[in-house]
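Just the heavy atoms: all of them, side chains too, but no hydrogens, waters or symmetry mates, feed the values below. Being a predicted model, the structure only gives us computed values, none of them experimental.
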Amino acid sequence: LKRSCDSFMTRIKSAAAILAIILALSVFSLCFIKSETAKMIKMTEQLQTLTENGETQMAVEKTDEILLCWEVTFRKLSPLVRNDRLSAVRSSLVRIKPLIISDSDEVYAEIESIQSLLFMISENETPYLHNIF
């Protein structure tokens with residue numbers, strides 16, 4: 001009887017350790033997603049400021065910087081977030097540079113779209129009750 005009780009307690013401890021690891025990984029991944037999306041949102045806000053101030057050359061350079069940063073972020077977030085959400089951000093990012101060069105007012109709408117997509121990635125990964133059930 002003592003031996004089966006020890007075996008049972010070992011299983012309980014192992015299960016608790018596995019659950020703790022899963023919980024820690026979930027919290028870490030959520031913080032990581034929020035951090036990466038916040039970084040990208042900040043970069044798009046800087047881009048928006050440059051375009052509003054008419055600094056076209058700097059805005060084009062910032063767009064290239066954002067695209068490079070997004071490629072790295074895409075690879076980091078790919079195991080954690082559905083790829084269609086990540087691809088939508090990239091599609092919008094690619095459209096920005098030609099819009100800036102052609103001095104189109106649609107660039108502001110595209111930047112807002114990117115910010116919205118990034119915000120939705122962050123929000124959809126947060127475990128609210130309405131997201132779980």
Side-chain angles (χ1 to χ4, degrees):
L1 184 65
K2 171 95 169 119
R3 189 174 207 185
S4 72
C5 187
D6 288 343
S7 174
F8 179 73
M9 286 306 292
T10 302
R11 289 183 196 150
I12 294 291
K13 289 177 185 176
S14 297
I18 291 170
L19 287 174
I21 290 169
I22 291 171
L23 180 63
L25 287 173
S26 296
V27 169
F28 171 76
S29 66
L30 176 63
C31 292
F32 182 70
I33 290 168
K34 287 195 174 288
S35 167
E36 290 295 313
T37 54
K39 178 178 71 172
M40 292 302 299
I41 288 172
K42 184 177 179 183
M43 291 178 81
T44 58
E45 288 171 348
Q46 292 169 351
L47 175 65
Q48 188 170 18
T49 303
L50 290 171
T51 32
E52 286 173 352
N53 293 339
E55 300 176 35
T56 306
Q57 184 58 36
M58 289 184 71
V60 169
E61 291 171 9
K62 187 68 173 178
T63 302
D64 291 336
E65 179 187 335
I66 291 171
L67 271 169
L68 287 174
C69 186
W70 179 249
E71 294 304 321
V72 173
T73 302
F74 182 90
R75 280 186 248 122
K76 290 178 184 177
L77 294 181
S78 190
L80 304 172
V81 180
R82 287 182 27 206
N83 277 345
D84 60 329
R85 292 182 182 155
L86 299 176
S87 296
V89 173
R90 187 180 193 299
S91 296
S92 286
L93 281 171
V94 170
R95 286 187 222 119
I96 288 183
K97 189 173 181 177
L99 291 172
I100 292 172
I101 292 170
S102 66
D103 198 28
S104 174
D105 288 337
E106 291 180 29
V107 70
Y108 303 111
E110 203 64 49
I111 292 172
E112 290 291 328
S113 173
I114 293 167
Q115 291 172 344
S116 176
L117 288 168
L118 290 166
F119 178 76
M120 290 309 294
I121 287 172
S122 178
E123 282 299 301
N124 287 336
E125 297 303 318
T126 305
Y128 296 117
L129 282 178
H130 65 273
N131 287 351
I132 297 172
F133 298 109

Among Ile121, Leu118, Leu77, which one satisfies side chain to side chain contact (heavy atoms under 4.5 Å, CB included) with Glu36?
Leu77

What residues form a side-chain contact (heavy atoms from CB on, under 4.5 Å) with Asp103, not counting sequence neighbours?
none

Minimal non-hydrogen separation, Ser122 against Thr37, with atom names:
CB-OG1, 3.6 Å

Sequence neighbours excluded, the answer for side-chain hydrogen bond (donor to acceptor under 3.5 Å, both in side chains) partners of Glu112 is Gln48

Kindly state each residue pair satisfying salt bridge (Lys or Arg N to Asp or Glu O under 4.0 Å) with at least one member in residues 81-94, sequence neighbours excluded.
Glu71-Arg90, Arg82-Asp84, Arg85-Glu125

According to side-chain hydrogen bond (donor to acceptor under 3.5 Å, both in side chains), who are the partners of Ser78, at least two apart in sequence or on a separate chain?
Asn83

Partners meeting side-chain contact (heavy atoms from CB on, under 4.5 Å) with Ser104 (sequence neighbours left out):
Leu99, Ser102, Glu106

Let's go through Glu45 and Lys42 carefully: what are the C-alpha distance in whole Å and the side-chain angles of both, what is the deciding distance for salt bridge (Lys or Arg N to Asp or Glu O under 4.0 Å) to 0.1 Å, and is it a yes or a no?
CA-CA 5 Å; Glu45 288 171 348; Lys42 184 177 179 183; over 6 Å; no

Are Glu65 and Lys62 within salt-bridge range, i.e. N to O under 4.0 Å?
yes

Check the orientation of Phe32 and Phe28. Use parallel for under 30°, tilted for 30 to 60°, and perpendicular for over 60°.
parallel

Students should find that the hydrophobic cluster of Leu50, defined by side-chain heavy atoms under 4.5 Å apart, otherwise consists of Met58

Could you check if a side-chain atom of Thr44 sits within less than 4.5 angstrom of a side-chain atom of Ile96, using non-hydrogen atoms only?
no

